[in-house]
Novice: 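Please find one structure pasted underneath; my questions will follow.
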Amino acid sequence: MTAMTATAAPAAAWTLVYTAAGAVTINAHNPSQSTKLRVRIGAAVVIGDALTAASIILQCEDTKPYTLAIGDKVMVQPVGPDAGSVLIWA
């Protein structure tokens, strides 16, 4: 297991939280009790993507594994007006 990384996610913006250097499965945890997170994964996702772009919802206090290929990026954006954060580890 690698070290856990915490990243703040400001409201109304996509935030890059992880870039895969190789094939890997990561775990993403939303520690918030009140702010859901949108998660986008792929080699082509960018910070400038529309806020309404297709995404997966990471519920409050939920942890999910995501399998990534080399070059895949993981971006998060809080649902709603409040900032959030995400914990990532492999």
Side-chain angles (χ1 to χ4, degrees):
M1 181 176 115
T2 60
M4 186 178 294
T5 303
T7 305
W14 288 107
T15 300
L16 177 65
V17 295
Y18 190 86
T19 301
V24 65
T25 297
I26 65 162
N27 294 288
H29 174 69
N30 178 1
S32 174
Q33 295 180 354
S34 61
T35 302
K36 298 176 189 175
L37 295 174
R38 291 182 176 97
V39 179
R40 284 182 51 79
I41 298 173
V45 301
V46 295
I47 290 173
D49 286 346
L51 297 179
T52 57
S55 59
I56 304 162
I57 298 294
L58 185 58
Q59 298 293 333
C60 300
E61 299 183 348
D62 197 10
T63 301
K64 287 189 179 177
Y66 299 103
T67 301
L68 309 176
I70 189 168
D72 278 353
K73 295 178 281 263
V74 179
M75 309 281 257
V76 298
Q77 172 204 357
V79 174
D82 297 326
S85 66
V86 65
L87 303 172
I88 301 285
W89 69 93

Novice: Going by salt bridge (charged side-chain N to carboxylate O under 4.0 Å, His left out), name the residues that satisfy it together with Arg38, two or more places apart in sequence or in a different chain.
Specialist: none

Novice: On a heavy-atom basis, which atom in Ala12 and which in Gln77 lie closest, and how many Å separate them?
Specialist: CA-NE2, 4.4 Å

Novice: In terms of hydrophobic clustering (I, L, V, M, F, W, Y; side-chain heavy atoms under 4.5 Å; direct or indirect links), are Leu16 and Val45 co-clustered?
Specialist: yes

Novice: In terms of hydrophobic clusters joined by side-chain contacts under 4.5 Å, are Ile56 and Val76 together?
Specialist: yes

Novice: Applying a strict under-4.5 Å side-chain criterion to I, L, V, M, F, W and Y, I'd like to know whether Tyr66 and Met4 cluster together.
Specialist: no

Novice: Without swapping roles, check the side chain of Asn30 against the backbone of Thr35 for a donor-acceptor pair under 3.5 Å.
Specialist: yes

Novice: To the nearest 0.5 Å, what is the distance between CG (Asp49) and CH2 (Trp14)?
Specialist: 7.5 Å

Novice: Please identify which of these residues, Leu58, Val17, Ile57, meets the side chain to side chain contact (heavy atoms under 4.5 Å, CB included) condition with Val39.
Specialist: Leu58

Novice: In the structure I gave you, are the side-chain heavy atoms of Arg40 and Ser55 within less than 4.5 Å of one another anywhere?
Specialist: yes

Novice: Which residue pairs pass the salt bridge (charged side-chain N to carboxylate O under 4.0 Å, His left out) test when at least one of the two sits in residues 65-90, sequence neighbours left out?
Specialist: none

Novice: At their closest point, which heavy atom of Lys36 faces which heavy atom of Gln59, and how far apart are they?
Specialist: CE-OE1, 3.1 Å

Novice: Compare every heavy atom of Thr15 with every heavy atom of Ala8, then report the nearest pair and how far apart it is.
Specialist: O-CG2, 3.7 Å

Novice: Say whether Ile41 and Leu37 are linked into one hydrophobic cluster, either directly or through other cluster members, by side-chain heavy-atom distances under 4.5 angstrom.
Specialist: yes

Novice: I'd like to know if the side chain of His29 and the backbone of Asp62 have a donor-acceptor N/O pair within less than 3.5 Å.
Specialist: yes

Novice: If every non-hydrogen atom of Leu87 is compared with every non-hydrogen atom of Ala6, which pair is closest and at what distance?
Specialist: CD2-CB, 3.3 Å

Novice: Only one of Thr63, Ile26, Thr5 forms a side chain to side chain contact (heavy atoms under 4.5 Å, CB included) with Trp89, so which one is it?
Specialist: Thr63

Novice: State, to 0.1 Å, how close Ala11 and Gly80 come at their nearest heavy-atom pair, and which atoms those are.
Specialist: CB-O, 4.2 Å

Novice: Among Ile70, Leu68, Thr67, which residue meets the side chain to side chain contact (heavy atoms under 4.5 Å, CB included) test with Val24?
Specialist: Leu68

Novice: What's the verdict on side chain to side chain contact (heavy atoms under 4.5 Å, CB included) for Ile47 and Met75, showing C-alpha distance, side-chain angles and the deciding distance?
Specialist: CA-CA 8 Å; Ile47 290 173; Met75 309 281 257; 3.3 Å; yes

Novice: What pair of heavy atoms forms the shortest contact from Ala13 to Pro78, and how long is it?
Specialist: O-CD, 4.3 Å

